[in-house]
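Since the model is a prediction, treat every value here as computed from it, not as a measurement. Ligands are counted one by one from 1 in listed order, and the atoms in each one are counted from 1 as well. We count residues from 1, following the sequence as given.
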Amino acid sequence: MTYEPLPDAMRQAKPATATTSQLNREVYDTLDFNDQQSFRDAERGFIATLTPLTIAHDRGRKPVYDLAKSDFLHDTAPDTANPSLWRMAQLNAHHHGLYEVTDGIYQIRSFDIANMTLIRGDSGWIIIDPLTASETSRAGLALANKHLGERPVVAVIHTHSHADHFAGVLGVVSQEDVESGKVQVIAPLDYVKECLAENVLAGNAMSRRASYMYGTLLKPAPDGFITTGLGASISMGTTGFVIPNDIISKTGETRTVDGIEIVFQMTMGTEAPAEMVFYFPQFKALCMSEITSHHLHNVYTPRGAQVRDALAWAAQINESIDLFGDQLEVQFASHHWPTWGREAAVDYMRKQRDLYKYIHDQTLRLANHGYTKEEIAEQVKLPDALGKEFYNRGYYGTVHHNTRAVYVKYLGFFDGNPAHLYPLPPVAAARHYLDFMGGADAVVTKARSCFSAGDYRWVAEVLNHVVMAEPDHLQGRGLLADTLEQLGYQSESGPWRNFFLCGALELREGLPTGARFEATESMAQAMPLENLFQTLAVRLNSDKVDGLVLHLNLAFKDSPATLLSIENSVLHAFVGKQHSAPHATLNISSLDFKRLMLRLADGPQLFASGALSIEGDANALAQLAGLFDQFERRFPIVTPRTPW
Ligand SMILES: [Zn+2]
């Protein structure tokens with residue numbers, strides 16, 4: 001859907017208004033900007049970096065990662081950025097390269113959104129979390145080998161099931177060396193399942209929303225992208241996946257890898273569904289993975305994910321303190337910089353623990369008084385003991401959306417008010433609002449005076465109705481973009497700033513051109529069959545299968561025979577079953593079936609090569625292939641979606 005373009009002047013980024021400038025200046029009065037401890041810790045142990053920090057793509061023309069574009073962050077905060085977020089952007093962007101955590105432990109920082117940690121073993125490197133792209137992890141390893149001596153990679157530890165901690169794995173090891181067992185790949189219980197579950201079934205929606213959250217479409221600029229909060233910026237390179245050959249499932253399990261002893265603690269169902277932290281007795285060093293970081297993390301991540309358990313999160317940090325707090329000398333993690341010294345590290349861990357517990361407890365206190373999630377979000381404020389610490393600020397998660405997340409975790413999306421039980425969808429509601437409020441022109445006129453008064457939250461709410469009902473109303477669309485932009489300039493959270501500025505971008509420029517989602521060969525290899533079937537089930541187009549009955553026996557050469565049935569407009573895969581009178585029986589390997597369904601291979605080709613044979617109705621396979629939706633990568637977020 002394309003709309004009438006805005007005139008050039010309306011498409012430009014606007015300066016900060018007087019209201020925004022004033023609010024941003026007031027931030028200097030609320031926090032101690034003279035406290036430089038974070039900068040000292042971020043600088044400590046620096047060995048070397050790449051200058052400029054621009055990492056090329058293996059196949060594409062655009063760099064995978066280009067921190068050189070963030071040079072403008074050297075100045076003091078402009079009016080178009082919250083000074084607290086600007087400070088975090090500087091911490092992330094200015095401290096990149098190879099760092100010593102302690103003799104034997106090194107980190108590559110800001111070569112990607114996450115850190116890659118290298119532990120020097122007897123003969124080689126143990127690598128923790130090989131970043132998001134092969135290009136960035138390979139560049140990081142090369143830098144370490146150059147300055148610390150060439151060593152082979154003998155093991156990889158994936159701390160958890162998020163892509164910024166595994167997808168660059170093939171930049172540091174080969175698939176063959178993992179399969180042969182030459183390289184040990186250690187991961188927490190349920191790692192494979194959760195990598196796929198969290199990123200595949202709702203993957204298209206998540207990745208579109210993630211492009212907003214990480215600001216990947218924004219230009220780095222004082223009035224554009226400055227940071228993700230969690231790290232300098234996300235890399236856009238070659239991704240991969242390997243199946244681990246060593247799974248950790250219990251707290252207290254230990255391994256000795258290449259002469260290095262590691263003690264594990266499971267932290268499942270907190271920051272990620274499958275996650276663990278671990279301690280190195282020889283180094284008195286604790287890796288907290290992504291359980292602690294130098295900000296308030298997301299109890300709910302705005303890109304979309306299941307709500308996380310704030311109470312379990314606090315409990316896990318507490319257990320880490322109990323298990324390792326009286327031994328550790330340094331604490332490091334998979335994002336941001338380490339904390340040195342037992343006292344400082346334990347104090348930091350206690351306050352991170354209490355941050356999540358406070359948000360959890362106070363949300364439920366107010367919920368039990370009857371307040372709804374929006375009312376709670378407006379009221380919960382951190383006490384100074386927690387909220388004045390820079391490492392507890394909302395650079396990634398915010399108190400506002402994390403309280404709403406806790407509410408949803410316990411009580412769901414409905415607030416109990418029946419006026420909210422059966423709402424109209426956005427476009428229908430918007431038309432009624434405009435009708436009641438005297439039409440789009442009248443709404444925009446009123447909104448303009450609220451904008452002048454700096455009441456941006458309200459302006460965003462009413463103008464959203466104008467855009468949903470009349471997306472071609474240029475004044476309405478332009479003013480909504482300007483409004484979201486001011487909210488972005490004020491945000492202390494990287495994701496909030498990026499969401500607001502990406503909303504403004506979509507309103508001004510329309511949808512970016514983008515290809516449909518395409519699967520890769522490594523995805524086909526790594527995806528378990530049961531995930532493939534569930535992925536197919538969520539792509540099943542209900543209109544096309546209304547009244548259809550289809551039974552296909554899949555006689556896999558290498559996996560249990562499976563009955564794929566479509567009936568009652570639902571797709572099932574029954575493992576170990578075969579239909580007595582199927583429409584067709586397919587003889588095929590499970591990998592080729594996955595490739596076929598993911599459109600990496602085509603039926604006639606497999607048939608001709610002998611990789612596929614069909615008994616029964618050969619048309620059944622062609623019919624099956626036509627029943628699934630292909631998802632558009634770039635669907636509208638701030639403009640109306642056309643109904644199916
Ligand atoms: Zn991460």
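Protein N/O/S atoms found under 2.8 Å from the Zn ion (ligand 1), listed by chain and residue number: D164 OD2, H165 NE2, E290 OE1, H335 NE2.
Expressed to the nearest 0.5 Å, how far NE2 of H401 lies from CG of L296 amounts to 7.5 Å.
Remark: E329 pairs with R342 by the salt bridge (charged side-chain N to carboxylate O under 4.0 Å, His left out) rule, at least two apart or across chains. Among residues two or more places apart in sequence or in another chain, the salt bridge (charged side-chain N to carboxylate O under 4.0 Å, His left out) test is passed with E290 by none.
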N/O donor to acceptor pairs below 3.5 angstrom from side-chain atoms of residues 306-316, sequence neighbours left out:
from	atom 1	to	atom 2	distance (Å)
R308	NE	E271	O	3.1
R308	NH1	N298	O	3.0
D309	OD1	L311	N	3.1
D309	OD1	A312	N	3.1
W313	NE1	I291	O	2.9
Q316	OE1	Q265	NE2	3.3

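Exactly one of H147, R109, H95, H96 qualifies for a side chain to side chain donor-acceptor pair (under 3.5 Å) with T49. That residue is H96.
Classification of the H162-H165 ring pair by plane angle, with boundaries at 30° and 60°, yields tilted.
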